[in-house]
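Here's the structure, in structure tokens; my notes come after.
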Protein chains: 2
Amino acid sequence: MSLGVLIDRHRDLLEQAEKATATRAWFSAFPESPSPRVYGETAAADGRAAYDAWLGSDFPLATPGADGTVATERSPFGPELGVRYPRLPATDDAVTTLLTAARAAMPAWRRAGVDGRAAVCLEVLSRLHERIFELANAVMHTSGQAFVMAFQAGGAHALDRALEAVAYAHAEQRRIPAEVVWEKPGRGEPLRMTKTYHVVPRGVALVIGCNTFPTWNSWPGLFASLATGNAVVVKPHPNAVLPLALTVQVIREVLAEEGFDPDLVTLAAEDPADKLAAVLAVRPEVRIIDFTGSTVFGQWLEDTAHQAVVFTEKAGLNIVVVDSTDDLHGLVDNLAFSFSLYTGQMCTAPQNVFVPRTGVLTDQGRVSFDEFGAALAGAVDKLLGDDARAVEILGAVVNDGVRGRVDAFEGDPRTVLESRPVVHPAWPDATIRTPAIVAVDAADEKTYSAECFGPVSFLVATGSTQESVERFATGVREHGGMTASVYSTDPAVLDAAEQAAIDAGVPLSVNLTGGVYVNQSAAFSDFHGTGANPAANACLTDAAFVAPRFRVVTSRRHS
Amino acid sequence: MSLGVLIDRHRDLLEQAEKATATRAWFSAFPESPSPRVYGETAAADGRAAYDAWLGSDFPLATPGADGTVATERSPFGPELGVRYPRLPATDDAVTTLLTAARAAMPAWRRAGVDGRAAVCLEVLSRLHERIFELANAVMHTSGQAFVMAFQAGGAHALDRALEAVAYAHAEQRRIPAEVVWEKPGRGEPLRMTKTYHVVPRGVALVIGCNTFPTWNSWPGLFASLATGNAVVVKPHPNAVLPLALTVQVIREVLAEEGFDPDLVTLAAEDPADKLAAVLAVRPEVRIIDFTGSTVFGQWLEDTAHQAVVFTEKAGLNIVVVDSTDDLHGLVDNLAFSFSLYTGQMCTAPQNVFVPRTGVLTDQGRVSFDEFGAALAGAVDKLLGDDARAVEILGAVVNDGVRGRVDAFEGDPRTVLESRPVVHPAWPDATIRTPAIVAVDAADEKTYSAECFGPVSFLVATGSTQESVERFATGVREHGGMTASVYSTDPAVLDAAEQAAIDAGVPLSVNLTGGVYVNQSAAFSDFHGTGANPAANACLTDAAFVAPRFRVVTSRRHS
């Protein structure tokens with residue numbers, strides 16, 4: 001259909017989304033409930049069938065420069081996926097072929113204009129939404145997220161985050177007028193010039209996906225780059241290719257329908273031994289990089305890929321400061337859920353809980369440090385007592401590294417709550433662990449001051465809440481943090497914690513005891529990360545995340 | 001006075017400036033004419049006297065960590081300035097003292113809020129405007145600009161560029177609401193959270209000034225960083241300290257009056273042997289760098305200062321494509337002025353003029369390549385024939401490097417127009433040169449493909465206009481360009497040139513034959529540079545220039 005029709009179709013949603021980014025009130029365009037009442041009686045089965053049909057097949061994508069195929073995915077729930085993708089070798093020839101094709105597709109895409117590009121992106125999101133159950137299965141079996149979480153975080157919420165990025169990109173480009181007549185008054189006739197402003201892309205954007213959130217973390221950068229006129233090469237994590245292969249398939253389908261060169265967006269699947277990301281990242285054609293993953297590789301990108309604007313989300317230590325509460329049950333239930341959700345494998349999951357050695361003043365009187373640990377352990381036990389229910393919260397352990405870290409604490413005398421393996425009723429080969437809680441003294445920084453990604457949290461005994469707050473600020477400044485949380489009934493303590501969060505540059509959640517969890521970040525309202533501490537140099541999504549992705553070329557002549 | 005009063009005083013101007021950045025229509029807040037009718041009968045003499053009073057004196061500024069003084073300025077018009085500034089040694093102790101003081105001043109400045117910071121910045125601009133004649137003398141005698149240009153580019157236009165940066169910074173921060181009540185609908189009671197958004201600075205900003213435009217090029221970054229809550233260390237070029245010393249003096253005066261710690265903004269004057277900029281640039285406290293200067297040091301900063309966001313303006317080759325014209329006189333007069341203004345020592349001055357070997361079709365018939373060169377040479381001669389008038393356009397040669405480059409072409413057989421020395425009637429010790437024009441063949445890339453900063457331009461003979469346009473695009477892509485210009489009566493050629501400018505990422509001026517020159521860039525309307533080619537990684541001013549200077553910390557709690 002014509003681009004004009006597409007623009008009309010998506011105009012209202014784009015306006016609503018842009019308004020939401022400004023007010024930051026609750027907004028969502030994609031229902032998060034996988035209920036048949038919302039999505040229809042057959043949606044779940046159809047999506048599962050569509051997912052199953054990919055298993056063991058050749059995924060139908062053409063990637064310029066590709067040679068042969070790779071199949072690198074095994075579900076954390078057990079089965080090999082066996083999907084074969086075109087393999088991009090990390091050779092100069094192959095990479096040049098890919099990037100040349102990407103660049104060749106850009107001029108027509110630039111000419112589609114700000115509104116045209118946004119409309120194509122929104123059409124893509126609408127088609128991805130039609131395939132949300134298929135995507136949810138793909139996310140589940142690559143990340144290890146339980147199905148409902150994969151549907152929500154990997155589907156609906158990821159779509160909202162993508163829409164948010166498109167809205168930001170559209171608004172930021174729309175601030176540049178297409179043309180102005182500039183008239184400078186003077187003694188005689190005014191000087192009069194017509195100036196035309198061309199929004200131009202930076203170049204080829206590289207998106208480097210992660211294992212745990214292949215869509216939620218990759219889509220914002222992907223769609224922000226696309227909406228601002230750039231070509232995009234998507235380099236998925238070898239363990240989580242399918243969600244991004246589906247994404248690229250849908251984008252290429254819509255591009256082709258609208259008369260654009262589909263090579264504008266490509267999938268660069270790799271043999272992990274090739275270390276393809278490092279090869280692509282330093283190519284002169286690559287002018288934007290979005291990365292989610294390890295601190296080591298993220299830092300390498302920031303230090304090395306000088307030719308590109310680099311947006312990274314790495315890792316940090318998420319801290320909870322517990323001072324006092326008027327709802328001990330709410331507090332421990334809330335934290336128990338945050339520890340358990342997706343086995344603590346979220347970049348936003350809390351790791352270190354600072355509690356005064358003298359205990360916590362609560363609605364049930366003063367609770368000692370040990371009693372607080374026991375209450376927390378009890379809450380986790382209660383939440384995960386039933387295996388069938390537990391697996392729907394925990395999902396599966398994403399890789400051996402996580403399993404190794406939690407198993408290393410087996411039998412540790414400091415353990416307040418032992419991790420235990422859980423057998424999944426439907427997926428007997430899944431590796432599943434409940435969270436461990438380990439009590440340490442604040443002086444034992446070696447134990448708790450490195451990120452222990454996965455289901456291990458530390459209950460850290462401090463001399464006072466003041467010490468807790470100080471260690472919180474220092475910890476974020478030195479090791480980074482994506483989230484932080486404080487519990488207190490004392491306004492002075494809350495103020496001090498908020499000041500520490502501001503100084504250290506980390507988002508703060510205050511007295512969460514209900515249905516909102518510190519690890520959840522809502523599109524359009526919560527800025528995910530800040531870019532102000534070592535955990536990440538960017539934030540989802542703000543103007544700084546989109547504005548550097550395009551440039552303006554002025555052309556002026558006498559009127 | 002209270003911050004509220006200051007906010008009220010400057011609200012209207014800020015609103016007008018923000019509106020101008022959006023429409024990009026002509027706007028200026030600071031009259032560019034130094035006429036007594038505008039500024040009063042005594043303004044010029046008072047300003048000159050104020051400037052003279054600084055000569056040979058100790059400049060009254062306190063810089064934490066400073067030890068002793070330096071006096072490093074000699075006017076390109078002849079005299080030593082002899083002003084002594086506190087010297088910041090490039091030692092770890094001195095730099096730590098300075099940066100610690102800068103950081104300590106930031107929390108109160110953050111709490112001044114978005115409106116408060118903008119108001120303080122606008123009060124500073126208003127005070128600088130009161131001292132515009134003093135500043136113009138300081139710019140003249142450090143950069144070598146003639147007085148009127150120093151008044152305009154170094155005074156009024158620099159103030160407009162600073163105001164533009166404050167307006168962008170204010171608008172970008174204002175897009176973040178202070179607070180929202182977020183209400184997520186659900187099956188039962190909605191989840192309701194109050195979210196507070198704190199705009200936080202990145203850290204200490206370092207401004208590295210240049211010799212030729214100490215205010216125009218430094219103020220945008222300085223005020224953008226300040227308005228977004230950061231502390232700023234100003235490291236001036238050793239040859240052009242006074243204009244930035246006056247700037248820092250005024251800022252510290254206003255900060256102190258409003259109850260802020262003046263160490264928020266400091267002057268870090270150096271002994272040039274210390275190479276202080278390189279020491280400051282890699283300090284972990286420094287999170288933003290604005291640099292104007294050489295390609296070598298700019299590239300080093302981009303490659304090395306990973307802990308900071310780095311905005312650079314380096315150097316490039318500015319190209320003119322001449323195809324045809326209906327106003328040959330207008331064309332050569334316009335180019336002659338662009339070559340001559342400030343002795344070609346502007347980053348925006350044209351260097352390479354591509355002309356077909358077969359000549360140029362004009363309103364005076366077909367003009368051969370040689371005839372075109374002669375016409376251009378004649379226009380320069382006419383413009384600069386009278387020494388007293390010439391020096392007011394040329395100003396003085398800023399340093400020996402420029403003099404050496406132009407003198408190297410003396411007696412070169414390819415020369416179409418020889419440079420000649422001019423004696424300044426008022427400043428006999430000034431080094432003044434008229435522009436040289438050298439004719440070369442397009443094949444002789446070695447001669448014209450390096451930047452030849454100063455009054456040398458090359459008339460490059462090409463096989464056709466098509467070749468000229470191709471070489472234009474390639475030249476910008478490889479060597480960078482701040483400006484570009486095309487002359488043609490053929491719409492197809494203009495379209496091709498515009499497409500080349502878009503692809504290469506350089507601003508284009510079309511058929512300039514009147515009172516607008518390719519080297520002039522108007523605040524609020526022209527984006528100065530693009531950040532899309534090697535000449536600069538940033539642009540004055542767009543959202544990408546301000547948005548990365550601050551971050552947002554969210555704090556949320558149940559309502």
Side-chain angles (χ1 to χ4, degrees), chain A residues 21-26 28 107 110 172 175-177 180-186 191 193 195-198 200 202 302-303 306 494 498 501-503 505-516 522 525-527 530-532 539 542-544 547-548 550-558, chain B residues 21-26 28 107 110 172 175-177 180-186 191 193 195-198 200 202 302-303 306 494 498 501-503 505-516 522 525-527 530-532 539 542-544 547-548 550-558:
Chain A
T21 63
T23 66
R24 306 203 77 78
W26 179 84
S28 171
R110 186 190 67 70
E172 208 57 66
R175 296 175 70 196
I176 316 294
V180 73
V181 175
W182 177 88
E183 206 173 292
K184 182 178 179 178
L191 286 170
M193 309 278 294
K195 303 188 182 186
T196 310
Y197 303 101
H198 302 280
V200 304
R202 281 188 80 88
E302 291 177 30
D303 291 352
H306 306 135
L494 295 181
E498 186 144 342
I502 288 168
D503 290 347
V506 65
L508 183 69
S509 292
V510 178
N511 289 333
L512 295 186
T513 51
V516 172
S525 187
D526 293 317
F527 292 100
T530 62
C539 150
D542 60 9
F550 67 92
R551 295 294 176 184
V552 182
V553 170
T554 309
S555 159
R556 60 183 189 177
R557 59 184 77 193
H558 291 292
Chain B
T21 63
T23 67
R24 307 203 77 77
W26 179 84
S28 171
R110 186 190 67 70
E172 207 58 65
R175 295 175 71 197
I176 315 294
V180 71
V181 175
W182 177 88
E183 205 173 293
K184 181 178 179 177
L191 285 170
M193 309 278 293
K195 303 187 182 187
T196 309
Y197 302 101
H198 303 279
V200 304
R202 281 189 78 89
E302 291 179 29
D303 291 350
H306 306 135
L494 295 182
E498 185 145 343
I502 287 168
D503 289 347
V506 66
L508 183 69
S509 293
V510 177
N511 289 331
L512 295 187
T513 51
V516 173
S525 186
D526 293 316
F527 291 100
T530 62
C539 152
D542 61 8
F550 68 91
R551 295 296 178 182
V552 182
V553 169
T554 310
S555 159
R556 60 184 188 177
R557 59 183 79 191
H558 291 290

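Chain A is the first sequence line, chain B the second, and so forth, proteins listed ahead of strands; every chain is numbered from 1.
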Exercise for review: Compare all side-chain heavy atoms of F527(A) with those of I176(B) and state whether any distance is below 4.5 angstrom.
Suggested key: yes

Practice item. Return the option, out of V506(B), D542(B), T21(B), with the maximum number of heavy-atom pairs under 4.5 Å with chain A. Key: V506(B)

Check your understanding: Of all of R110(A), R551(A), K195(A), H198(A), which one pairs up most often with chain B through heavy atoms under 4.5 Å apart?
Key -> R551(A)

**Study point:** Sequence-distant partners of H558(A), ring pair (Phe, Tyr, Trp, His ring centres under 6.0 Å), two or more places apart
**Key:** none

Review point. According to the interplanar angle, ranging from 0 to 90°, do the rings of H306(A) and H306(B) count as parallel (below 30°), tilted (30 to 60°) or perpendicular (above 60°)?
Key: parallel

Review point. A543(A) and R175(B): which non-hydrogen atoms are nearest, and at how many Å?
Key: CB-NH1, 3.8 Å

**Study point:** S525(B) versus Y197(A), closest heavy-atom pair with distance
**Key:** O-OH, 2.9 Å

Check your understanding: Where do V510(A) and S555(B) come nearest, in terms of heavy atoms and distance?
Key -> CG2-OG, 4.2 Å

Review point. Tell me, side chain or backbone of F550(A) under 4.5 Å from chain B's heavy atoms, or both, or neither?
Key: neither

Study note, to complete from the structure: So, the part of A22(A) with a heavy atom under 4.5 Å from chain B: the answer is backbone

Review point. Taking every heavy-atom pair that is under 4.5 Å apart, which of T196(B), V516(B), D503(B), V200(B) has the most such pairs with chain A?
Key: V516(B)

**Study point:** Under 4.5 Å from any heavy atom of chain A - which part of T23(B)
**Key:** backbone

Point to revise | Contact origin within V552(A) toward chain B - heavy atom pairs under 4.5 Å | key: both

Check your understanding: Between R556(A), R24(A), R557(A), E183(A), which shows the greatest number of heavy-atom pairs under 4.5 Å with chain B?
Key -> R556(A)

Point to revise | Residue pair A522(B) / W182(A): nearest heavy atoms and the distance that separates them | key: CB-CZ2, 3.9 Å

Point to revise | Spatial distance of atom CG (D303(B)) from atom CG (D303(A)) [nearest 0.5 Å] | key: 11.0 Å

Review point. Measuring heavy-atom distances to chain B, does L191(A) have an atom under 4.5 Å in its side chain, in its backbone, in both, or in neither?
Key: side chain

Practice item. Select one option (side chain, backbone, both, neither) describing which atoms of N511(A) are under 4.5 Å from chain B's heavy atoms. Key: backbone

